[in-house]
Amino acid sequence: MLKIHPKMLALCVCAASFGFASASEVAFNPGTYEGVATGRNGPIKVEVTVDNHKISAVKVISHKESAGLSDAPMEKIPNEIISNQTLKVDNISGATFSSQGLINACKDALSKASKDISPLLVAPAVAKNSQKPKDEKVDVVVIGSGIAGLTSAIAAHEGGAKVLVLEKQGMLGAGDSMNISTGITAGGTKLIKEKGIQGKTTQDYVDLLMKQAKDKNVPINKENVETYARRGGEVIDWLMDLGVPFGRFQEDKYFHIIKDGSAPGPHIIKALSKEVKKDNIPYRLNSKVVEILSDNGRASGVKVSTPDGDYNVLAKAAIVATGGFSASPELLKRYAPEWMNRPTTGAASLTGDGVKMAQKLGAATASMEQIKVNYLCHPLTAKDGVSLTAITPYTILVNKDGKRFVDENHASINFKSKAMMKQPEHIAYAVVDQTAMDNLKLMRNYVEAGYFVKADTIPELAKKLDVNQEQFISTVDKYIADCKAGLKNDKEFNRKIQYPMIKPPYYAALVTPSMQSTYGGLKTNTKAEVLDQKGKVIPGLYAAGAASGHEAYANEVGFAAIIGLTYGKIAGENAAASLK
């Protein structure tokens, strides 16, 4: 049975009332009050100012939420609380934990200002917009605003196309792109050259991917894989030019890592969003595409559903960048039934919309069985979790019996997930030392959020965990002894020791396998054009990122983020070129 962090359970509790009310019904003691609550990454602190019957100011004092992911709720929610004089405001879809943490912090502050804030927990009546959206025309419509969607929009705009981006969530980049927590892979980049690192050229990276596929007998589309591998370096350089602060390089994985060890996903989305706005590329939030339109076999636009009504966007080309299907019970039941009903570290928006809509136009699919199950998921609720993947090279995994059960550096993530599913209650503890925290800012935030327990010694750590303490101490001490002896590989599993575990204090987080990502989707060629069942191009239809997968098998060969970025650029370029 999963143990859910008690602070996160509080986020799921909502006060219920009936009828309509407002702050004018609340008697406040005028002044400024501080409130604190837990967000996704740690405490959120606010100051709320009130007079006798009105909330006059809401100020976020500090938070640990990820840059980019938290921008929308931190900006919008305080304004909505003041404008509507209520705490019953909507979460920003795509940033639910950050949104609810902020609302709860305001609730904490206001509870100090009044004996009864129940009227603030009721939604005020809101006049509905009577004006229905109108149909419109563009050159290229992009469905989805993750790294693939935003990159494709920028590339199409640079190619001279009139572009519109549609996003069903309440913020740009609200899908899996925000969850990228490790590094972005490529060879031959400016960063590699500046650091004087040898043997990491573009060709070296291509050779590595081909070797991985051969060694694992993975049936990749070699042309598609080589295409993104050869262009990935220029995409990393471009991102750095846009301000993404890559500054470290992990040679064994070709990882380009953010200077301070923070997650790269929010940095990339923030940089791409800034570029979209600088280029005046229009985008619509809370706008769900429900159908890809077709005219004589050619993609001709999309049908959009919004809270204010439906409308059509007619276009000469459509780019599907809707992400995968890790949150689609329908598709998981068909392609990965053994991983249904697990918590997920993926975005709730990943419901396979793009794949299902394109299939109605005759699109073929490929690699649909390829998925990633994240064994380093710290569960927040029964359905949601946070990915601790960044600690992979630092951690050992210990089950409830106090024993290790797998080589934590095994090349296959799914192999490790399957190994954990055989352990008692399908759980383990991921143990790291201070080195991981020194190098990984995101994990330091997670310590503050309460996802890790901390102790100065291994026996003290064991007392804080639900494990066989004697066996746990023996197991971890043996690994630490191997580290202190300077071994390159530990004795028990021949696990590569990249970061010796010799620096206290020590930390442990409860982890369990979760559904995270899917790597199959619409069948595409090297131009990101979608193919039909006979292998022919569907005119005007493109796909990028996890909505395609590009037959690159990113769970076993390379990593997905650079595929989404590179094929986003390719899709945008070719969509614009098709107009000429």
Side-chain angles (χ1 to χ4, degrees), residues 144 146-149 151 175-177 179-187 205-206 208-233 235-236 250 252-256 264-265 268 320-326 335-336 339 345-347 350 352 354-355 365-376 387 389-390 392 410-417 514-524 526 528 543-571:
I147 54 174
T151 303
D176 253 5
S177 298
N179 296 326
I180 301 169
S181 61
T182 50
I184 311 297
T185 56
Y205 184 56
V206 171
L208 172 69
L209 297 181
M210 295 304 165
K211 184 178 186 303
Q212 286 179 336
K214 182 179 179 181
D215 290 348
K216 296 180 179 181
N217 195 30
V218 176
I220 60 170
N221 181 315
K222 292 183 179 180
E223 288 186 343
N224 283 3
V225 171
E226 184 165 348
T227 295
Y228 90 74
R230 291 203 176 281
R231 293 201 58 185
V235 173
I236 296 285
Q250 185 179 326
D252 63 326
K253 294 185 180 295
Y254 283 75
F255 271 170
H256 293 71
I268 296 171
V320 179
T322 50
F325 57 89
S326 58
Y335 295 108
W339 296 111
T345 53
L350 302 179
V355 172
T365 58
S367 316
M368 292 293 281
E369 78 288 353
Q370 289 301 305
I371 61 171
K372 175 182 178 181
V373 182
N374 183 357
Y375 65 99
L376 285 173
S387 174
T389 304
T392 299
H410 191 285
S412 172
I413 293 173
N414 287 354
F415 178 87
K416 290 179 279 192
S417 294
S514 73
M515 190 63 230
Q516 178 163 313
S517 307
T518 58
Y519 299 108
L522 301 174
K523 191 174 181 66
T524 51
T526 58
S548 167
H550 308 283
E551 297 175 88
Y553 291 78
N555 63 318
E556 298 290 350
V557 179
F559 291 86
I562 193 62
I563 301 171
L565 287 160
T566 307
Y567 270 107
K569 202 167 186 64
I570 290 169

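Worth knowing before you read on, the calculation uses all heavy atoms, side chains too, and leaves out hydrogens, waters and symmetry mates. Predicted, not measured: the structure shown is a model, and the values here were computed from it.
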task: Apply side-chain contact (heavy atoms from CB on, under 4.5 Å) to the pair Ile220 and Leu209, showing each step before the final yes or no.
output: CA-CA 10 Å; Ile220 60 170; Leu209 297 181; 6.0 Å; no

What are the two closest heavy atoms between [X] and [Y], and how far apart are they?
| X | Y | result |
| --- | --- | --- |
| Thr526 | Tyr567 | O-CE2, 3.6 Å |
| Phe559 | Ala554 | C-CB, 3.9 Å |
| Ser181 | Ser387 | OG-OG, 4.2 Å |
| His550 | Ala543 | CE1-O, 3.4 Å |
| Ala546 | Gly324 | CB-N, 3.5 Å |
| Ala544 | Ala571 | CB-CB, 4.2 Å |

query: Backbone N or O of Met515 within a donor-acceptor pair of the Ser326 side chain at under 3.5 Å?
result: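 Such a contact is absent between Ser326 side chain and Met515 backbone.
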
When you compare the side chain of [Y] with that of [X], does any pair of heavy atoms fall below 4.5 Å?
| X | Y | answer |
| --- | --- | --- |
| Val235 | Thr151 | no |
| Gln212 | Val218 | no |
| Asn414 | Ile371 | yes |
| Met368 | Phe325 | yes |
| Ile180 | Ile147 | yes |

task: Report the C-alpha separation of Ile184 and Phe255 in whole Å, then their side-chain angles, then the decisive distance to 0.1 Å, and conclude whether the side-chain contact (heavy atoms from CB on, under 4.5 Å) test is met.
output: CA-CA 5 Å; Ile184 311 297; Phe255 271 170; over 6 Å; no

Measuring from atom [atom1] of [X] to atom [atom2] of [Y], what distance do you get when rounded to the nearest 0.5 angstrom?
| X | Y | atom1 | atom2 | value |
| --- | --- | --- | --- | --- |
| Arg231 | Thr566 | CZ | OG1 | 7.5 Å |
| Ser517 | Asn179 | OG | CG | 8.0 Å |
| Ile413 | Thr389 | CD1 | OG1 | 6.5 Å |
| Ile562 | Ile236 | CD1 | CD1 | 4.0 Å |
| Ser514 | Lys372 | OG | NZ | 9.0 Å |
| Thr345 | Asp176 | OG1 | CG | 7.0 Å |

- prompt: In terms of heavy-atom contacts, does CG of Asn217 have more than 12 from other residues, nucleotides or ligands at under 6.0 Å?
  reply: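 Atom CG in Asn217 is not crowded, with 12 or fewer foreign heavy atoms closer than 6.0 Å.
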
task: For Tyr553, enumerate each residue passing the ring pair (Phe, Tyr, Trp, His ring centres under 6.0 Å) test, keeping only those at least two apart in sequence or located in another chain.
output: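 For Tyr553, no residue satisfies ring pair (Phe, Tyr, Trp, His ring centres under 6.0 Å) once neighbours in sequence are set aside.
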
query: Sequence neighbours excluded, which residues qualify as ring pair (Phe, Tyr, Trp, His ring centres under 6.0 Å) partners of Tyr254?
result: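 Ring pair (Phe, Tyr, Trp, His ring centres under 6.0 Å) list for Tyr254, sorted by chain: Tyr205.
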
- prompt: Sequence neighbours excluded, which residues qualify as side chain to side chain donor-acceptor pair (under 3.5 Å) partners of Glu551?
  reply: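 Only Asn221, Lys523 meet the side chain to side chain donor-acceptor pair (under 3.5 Å) criterion with Glu551.
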
- request: Could you pull out all residues at least two apart from Lys211 that satisfy side chain to side chain donor-acceptor pair (under 3.5 Å)?
  value: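 For Lys211 the side chain to side chain donor-acceptor pair (under 3.5 Å) partners, ignoring immediate neighbours, are Asp215.
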
- prompt: Which pairs pass salt bridge (Lys or Arg N to Asp or Glu O under 4.0 Å) with one or both residues in residues 559-571, sequence neighbours excluded?
  reply: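 Applying salt bridge (Lys or Arg N to Asp or Glu O under 4.0 Å) to every pair that reaches into residues 559-571, excluding sequence neighbours, yields nothing.
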
- prompt: Do any pairs count as a salt bridge (Lys or Arg N to Asp or Glu O under 4.0 Å) and have a residue in residues 217-228, sequence neighbours left out, and if so which ones?
  reply: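 The answer is Glu226-Arg230.
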
message: Pair Thr392, Lys416 - check side-chain contact (heavy atoms from CB on, under 4.5 Å), show working.
response: CA-CA 11 Å; Thr392 299; Lys416 290 179 279 192; 4.2 Å; yes

- prompt: Judged by modelled atom types alone, do Ser548 and Thr524 share a side-chain donor-acceptor pair under 3.5 Å?
  reply: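 There is such a pair between these side chains.
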
